[in-house]
Amino acid sequence: MNNKKENVLEINDLSVSTSGSKILKGLNLSIRKGETHAIMGPNGSGKSTLAKTIAGHTDYEINNGTIKFLGNDLVSIPIEERSNLGLFLGFQYPIEIPGLSNTAFLKAAINAQRKYNDLKDIPANEFLLELKSKADQLGLDQSFLSRGVNEGFSGGEKKRNEILQMLMLNPKLSILDETDSGLDIDSMKIVADGVNSTRNEETSTIVITHYERLLNYLEPDYVHVINDGRIIKTGDSTLANELEEKGYEWLTKKK
Amino acid sequence: MADQEKIKNQFSSENIASIISGKSDYPDWFDKFKRLSLQNLLDQNLPSIKDSEWESTKINSLTKKLFNNDFDASDSVNILAEDIEKDTNKITISFSNGIYTCSEELPSYIKILSHAKDKDQFRDLLDMNKEHASSFSPTLNSLILSDLLLIETSNNQKVDTLIHIINHPSNEANLAPRIEIRAATNSSVKIFEEIKTSNNSIMNHVLRVNCQKNANIEFYKVIDRQENSHYLGTQDIEASEDARIKFFLWDFGGDTSKTVTDTRLLGKKSEINYSALFTPNKDLHSGNQIKINHEASDTKSKIKVRGVLHDHSSGVFYGKIKVKESVTKTSAFMENKNLLLSDDASISSKPILEIYNDDTECSHSATSGSIDKEKLFYLKTRGIDEVEAKSFLINSFIEEISGEITNKKIQDIFKKYLLENGKS
């Protein structure tokens, strides 16, 4: 790792509660440009809470701590502005919006980002060519583009549609919340290839997952284990193999 | 009874017809028809929220205004030329100041009837026996109306031309458009009616539809926002064997706006597809009442109604499907969904099934709620700001119902309305 690279995300002593329950309890995490981090952990340990808090979901109340994204204090920044700054959340359960076409939705998202960066709207032809090429890359039929957002999509199609949005928005930090759940082996390979195609010196990724399989494709730089709202262990990609073999108990059992 | 006294005083003249329909001479039968209508009106109670038909309807300013407006119809018709688009596949008919007109020659299947023109047919259609003695709005229509638009196809006639009816704006008037549609056996016809915004007016609209064996009628209607005006619509629909009716209504709301549709599926395998959307804002009101009577076997009905309520607006949905005891193998679907965009907006929704025969497939549902915050969050995480995200979600809610429009030309017109609505 190059220690001189700047931090994309810097989380310090983060405590978060939702519906009166404390979920995150003093979590620390730093991610530098170009890195891929995996976050693993038992159910209810706070993985999705972390993802949604970074994205700005209003159900999650920050009781303590800071989140910095590219040097900006994220807590005071509206959800849409976080996206326009280059943050992307791939949903565990992508939302269906019947009546709003995938194409219109993506075009609005791209133009919002361009407007934020003082750029003119994307020319229609350029947008459609790029959209079709990215959809091809993910094996999504063109018919998905004119359908309502995620409307009637299978679980796997929804996840691929999330990656399509990621490819189109070209974020600086992507948080993929259990993107591998509900994917068959072929789809997982396509999704992993899609994610890998965006990796470069400037982009970073957080992959939240329960399984080693996706990590075999993505080869993360770090693997973190989260339990009871804190990161309790950090290692390299071999930690994921160890977890696959031994489960979490050897780490979470109170001594 | 004070209001009844007002009515009496207003129509105490010797010649009622000339008072309410202009200054020209009127035949005795027309005057008699008006007197009967007046008597019918006097026999009734004025709209009251105590009456189940008017429950939850915003009627205060309606009843106040009802007898203060001018009942005289002007003989002059003022229509801007640009209002009438030239289109060979469309014929435009205008209703202005109580009178129907058309700038081009009417095809044989469209007639504008008056006491002076086609008077026998006019008289037949105004048969008192057919009038709604028990209902306020159509009786008031009978009292005020001046002429009538008849659309009558002949057997096997497929009308490709879109019939576009525009009800032009009017000021401080009591208006009574009346449309009669008669689709003969194996015929088809498509109609689009627009009610433009008026100022301080009351429109009492009556539509009667008769769809004969294997005939097909598509009727699309938009009632534009009536900020200080009232719209009352009474629609009676009858379907014979194998007849198919598609009805689509978009009501932007008014000081009071209320549409009552009564449908009778009289012939085997007849069907109606009724879709409606109401989108009142500010403190406007929109009421949508639809009753469907399955009076023959193998009949089908589908009711799909959406309400989008902004600001302090209010809405009413009342849907009733009745299946007679002797009737079998029917299918009935009723769904009402409402989107409340403010804490001050309100909706009263009553979906009712009255089923007297078990051999039927029926479902009904009603839901009301605000914008789904998870959907809003999803859109915002893609950089879309709150205003645009909400507009997308409102439009996607509306699109669920505008998808029922199958006619391309009408689709384009509705897209224009949708775009304008999205901005409001």
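Letters A, B, ... mirror the listed sequences (proteins, then strands); counts begin at 1. Computed from a predicted structure; not experimentally measured.
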Requested in this report: Tell me, with the steps shown, if B:Ser188 and B:Asn216 meet side chain to side chain donor-acceptor pair (under 3.5 Å).
Outcome: CA-CA 5 Å; B:Ser188 67; B:Asn216 194 343; 5.9 Å; no
Report summary line: Answer key: most heavy-atom pairs under 4.5 Å with chain B among A:Thr58, A:Leu85, A:Asp59, A:Leu169 is A:Asp59
Query - Contact class of A:Phe105 relative to chain B, heavy atoms under 4.5 angstrom - result: both
Query raised in the report: Distance only, no hydrogens: is a donor on one side chain within 3.5 Å (strictly under) of an acceptor on the other, for A:Asn43 and A:His210?
Result: yes
Requested in this report: Name the option with the most non-hydrogen atom pairs under 4.5 Å to chain B; the candidates are A:Val149, A:Leu106, A:Asn111, A:Leu89.
Outcome: A:Leu89
Query raised in the report: Would A:Glu81 and B:Lys380 pass as an ion pair if we require N to O under 4.0 Å?
Result: no
Query - B:Tyr274-B:Asn288 side chain donor-acceptor pair, cut-off 3.5 Å - result: yes
Query raised in the report: What part of A:Gln113 is in contact with chain B, defined as an atom under 4.5 angstrom from a non-hydrogen atom: side chain, backbone, both or neither?
Result: neither
